[in-house]
Number of protein chains: 2
Amino acid sequence: METLDTVPDEDFLRLDHQICFSLHAATRAFNGVYREALKELGLTYPQYLAMLVLWEHGELPVKGIGERLRLDSGTLSPLLKRLEAAGYVERRRSPEDERSVTVRPTAEGAALKEKARDVPRRIAAATGLDLADIRDLRERLDALAVRLDSVDPDDLYVCR
Amino acid sequence: METLDTVPDEDFLRLDHQICFSLHAATRAFNGVYREALKELGLTYPQYLAMLVLWEHGELPVKGIGERLRLDSGTLSPLLKRLEAAGYVERRRSPEDERSVTVRPTAEGAALKEKARDVPRRIAAATGLDLADIRDLRERLDALAVRLDSVDPDDLYVCR
DNA sequence: CGCGATTGAGTTGTGCACAACTGAATCGTG
DNA sequence: CACGATTCAGTTGTGCACAACTCAATCGCG
């Protein structure tokens, strides 16, 4: 049987070139399609993700957004500042905990949700996949991400 | 039956949040694992991809690398300059076509291939997937990327 | 041959991702 | 209460992705 241990290194260098490369390419392809679909809203794809969680939760601290999107403050702070400059969110120091900053959509930001309503459907149609395929792929990717996020760095050096 | 047209918008806003978000998250998780695995080689993941195609082809014009990695000169030029500064590749204007720049691994760059030999296997082990799963996932992602890359921007505005 | 169109690499500017850090607020334990 | 540890947001610096552009070399058609 063909397993991880019976394939020659040379083949692996190619396979490898393909698995995560495919992931990389698919992500970038998605970005391209979103860039196009979001152009009229004046949002980038990561900004759109941030607005999605804010539309769903109403208001969140920066940390809460970061947990949901798995992004740290180094990425979020400037991103949220741009959303604030665009007039879509407002940021306020939390009164209960002065370390925390609460982010919430402005009226304009909330209105944007309506304009964004049909974006997902258009994207889904562009993938050419049906709901079951999308769901299946999503589950595999989530499992993969969880697994990769929990890899102990040391294990990368002792290949079993 | 449940299809793209029978699911309410609200559900879609969540599903959407999940499919491409999952892809995004998986890509970043992979990047993290590669970052760790490539640290000792002094390469970033995109630099590693560039070295992979150069190891395979010996030498290529910038354009050739770009076609294989689907990256344009705006991304590759600085990346290759950094690889040159690191001593891993050399760039030379092609004599036959002075517009073209030929990139090839230096001796040091070629030697790096040996040090990189077991990276793919370690990454594959970290995914926890077997060969068949990897292959299947890769095929789906490739098909998805091809489909997304060929989307006509206008189709994004008329949902079917 | 000559000249406009195309091609290839590079530059500039914007935005994201992340590591490493700062500084202030808060927490927890003695 | 006090003080060291932790938490949170933000900043800085590096690198990637991509759009829009420049400029030189080459192509191809009249």
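Values below: every heavy atom of this structure, side chains too, minus hydrogens, waters and symmetry copies. Lettering follows sequence order; numbering is per chain, from 1.
Atom CG of L83(B) is separated from atom C1' of dG15(D) by 12 Å (rounded to the nearest Å). Rounded to whole Å, atom P of dC18(D) lies 14 Å from atom OH of Y45(A). One interatomic measurement links the two molecules: CZ of R93(A) to P of dA25(C), which rounds to 9 Å at whole-angstrom precision. dA17(C) atom C1' lies 8 Å from atom NE2 of H24(B), rounded to whole Å. Across the protein-nucleic acid pair, L60(A) atom CG and dA9(D) atom C1' stand 15 Å apart, rounded to whole Å. dA9(D) atom C1' lies 14 Å from atom CD of E67(A), rounded to whole Å. Atoms CG (L76(B)) and C1' (dT7(C)) sit 16 Å apart, rounded to a whole Å. Rounded to whole angstrom, the span from the CG atom of L69(A) across to the P atom of dC18(C) amounts to 12 Å.
Residues I65(B) and L71(B) form no side-chain contact, since every pair of their non-hydrogen atoms from C-beta on lies 4.5 Å or further apart.
Between K81(A) and E84(A) there is no salt bridge, since no side-chain nitrogen of the basic residue lies less than 4.0 Å from a carboxylate oxygen of the acidic one. Salt-bridge annotation for K63(A) and E67(A): present, with a side-chain N of the basic residue lying under 4.0 Å from a carboxylate O of the acidic one.
In this structure, the side chain of R70(A) does not engage the main chain of R28(B) through any donor-acceptor pair within 3.5 Å. A side-chain donor-acceptor contact under 3.5 Å links S150(A) to the backbone of R147(A).
You'll find that the side chain of Q47(B) is closest to dG15(D), out of dG15(D), dG8(C), dG10(C). With dA9(C), dG10(D), dA25(C) as the choices, the nucleotide that has an atom nearest any side-chain atom of S100(B) turns out to be dA9(C). For T44(A), counting side-chain heavy atoms from C-beta on, the closest listed nucleotide (dC8(D), dA17(D), dG15(C)) is dG15(C). Nearest nucleotide to the V62(B) side chain, out of dA17(D), dG10(C), dA25(D): dG10(C).
Remark on DNA chain D: of its neighbouring residues P61(A) and A29(A), the 5'-side contact belongs to P61(A), judged by nearest-heavy-atom nucleotide. In this structure, R99(A) and P46(A) both approach DNA chain C, and ranking their closest nucleotides by distance from the 5' end singles out P46(A). For the pair L79(A) and K81(B), both in contact range of DNA chain C, the more 5′-proximal nearest nucleotide belongs to K81(B).
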(request) Please report the C-alpha distance between R140(A) and R140(B) in whole Å, then the side-chain angles of each, then the deciding distance to 0.1 Å, and finally whether the side-chain contact (heavy atoms from CB on, under 4.5 Å) criterion is met. (result) CA-CA 11 Å; R140(A) 284 165 187 251; R140(B) 285 165 186 251; 3.9 Å; yes
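Among the protein residues, N31(A) comes within range of no part of the nucleic acid, since none of its heavy atoms lies under 4.0 Å from any strand. Within the 4.0 angstrom heavy-atom criterion, only backbone atoms of the sugar-phosphate kind lie near E96(B); the bases stay farther away. Nucleic acid contact for L71(B): sugar-phosphate only, since backbone atoms but no base atoms lie under 4.0 Å from a heavy atom of the residue. As judged by a 4.0 angstrom heavy-atom cut-off over every strand, P78(B) is placed among residues making no nucleic acid contact.
Checking the phosphate oxygens (OP1, OP2) of dA9(C), no side-chain nitrogen or oxygen of R91(B) falls inside 4.0 Å. For dC18(C), the OP1/OP2 oxygens have a side-chain nitrogen or oxygen of R28(B) closer than 4.0 Å. Remark: R70(A) is not in phosphate contact with dC18(C), judged by side-chain N or O atoms under 4.0 Å from OP1 or OP2.
No option in F30(A), Y48(A), Y45(A) other than Y45(A) meets the ring pair (Phe, Tyr, Trp, His ring centres under 6.0 Å) test with H24(B).
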Using distance only, find each side-chain donor-acceptor pair of residues 100-109 of chain B under 3.5 Å and give its atom names and separation, not counting sequence neighbours.
| from | atom 1 | to | atom 2 | distance (Å) |
| --- | --- | --- | --- | --- |
| R104(B) | NE | E59(B) | OE1 | 3.4 |
| R104(B) | NH2 | E59(B) | OE1 | 3.1 |
| T106(B) | OG1 | G87(B) | O | 2.6 |
| T106(B) | OG1 | Y88(B) | O | 3.3 |
| T106(B) | OG1 | E108(B) | N | 3.3 |
| T106(B) | OG1 | G109(B) | N | 3.0 |

So which protein N/O to nucleotides 19-23 of chain D N/O distances come out below 3.5 Å?
none

